[in-house]
Amino acid sequence: MSPAVLSPGVPSAAPLPDPFAALRRVPAAVEGWWLARARQATGGRTDDEALERLTPAVAALSDTFTTARPKRFAPYGADPASRAAYGLWFGAQT
């Protein structure tokens, strides 16, 4: 968010801190749990490798939730990669 401009070239005071930022932050232990599920589901040795391997599942879920929205959702929670993708990409973000 950029500061409001009162007159050209003179920005106003910095915006106030977001009082709800802490509510949107995922605790490290929870994020770590989801990353462990991602490594298990993809066979990734590192978090980065697992996240890269989840890209197709993330894209498929994104399409399902938007452009290809079906009348009924398939049970994506039954697939470990889709479940990890959902937890990491569509849950709260840190």
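Along the sequence shown, residues carry numbers from 1. Being a predicted model, the structure only gives us computed values, none of them experimental.
- If you take CD on Glu49 and CG on Leu54, they are separated by 11.0 Å, rounding to the nearest 0.5 Å.
- Rounding to the nearest 0.5 Å gives a distance of 10.0 Å between CD of Glu52 and OG1 of Thr46.
- For the pair Ser82 (side chain) and Asp79 (backbone), a donor-acceptor distance under 3.5 Å is absent.
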Show, in sequence, the C-alpha distance, side-chain angles and deciding distance for Tyr86 and Trp34, and conclude whether the side chain to side chain contact (heavy atoms under 4.5 Å, CB included) test is met.
CA-CA 10 Å; Tyr86 182 87; Trp34 278 114; 5.7 Å; no
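- Two residues are said to be in side-chain contact when any heavy atoms from C-beta on lie closer than 4.5 Å; Ser62 and Phe90 meet this criterion.
- In this structure, the side chain of Arg39 does not engage the main chain of Arg45 through any donor-acceptor pair within 3.5 Å.
- Once rounded to the nearest 0.5 Å, the distance linking CH2 of Trp89 with CG of Leu51 reads 4.5 Å.
- Side-chain atoms of Arg53 come within 3.5 Å of backbone atoms of Gly43 as a donor-acceptor pair (strictly under, hydrogens ignored).
- Of all heavy-atom pairs spanning Ala57 and Ala85, the tightest one is CB-CB, 3.9 Å.
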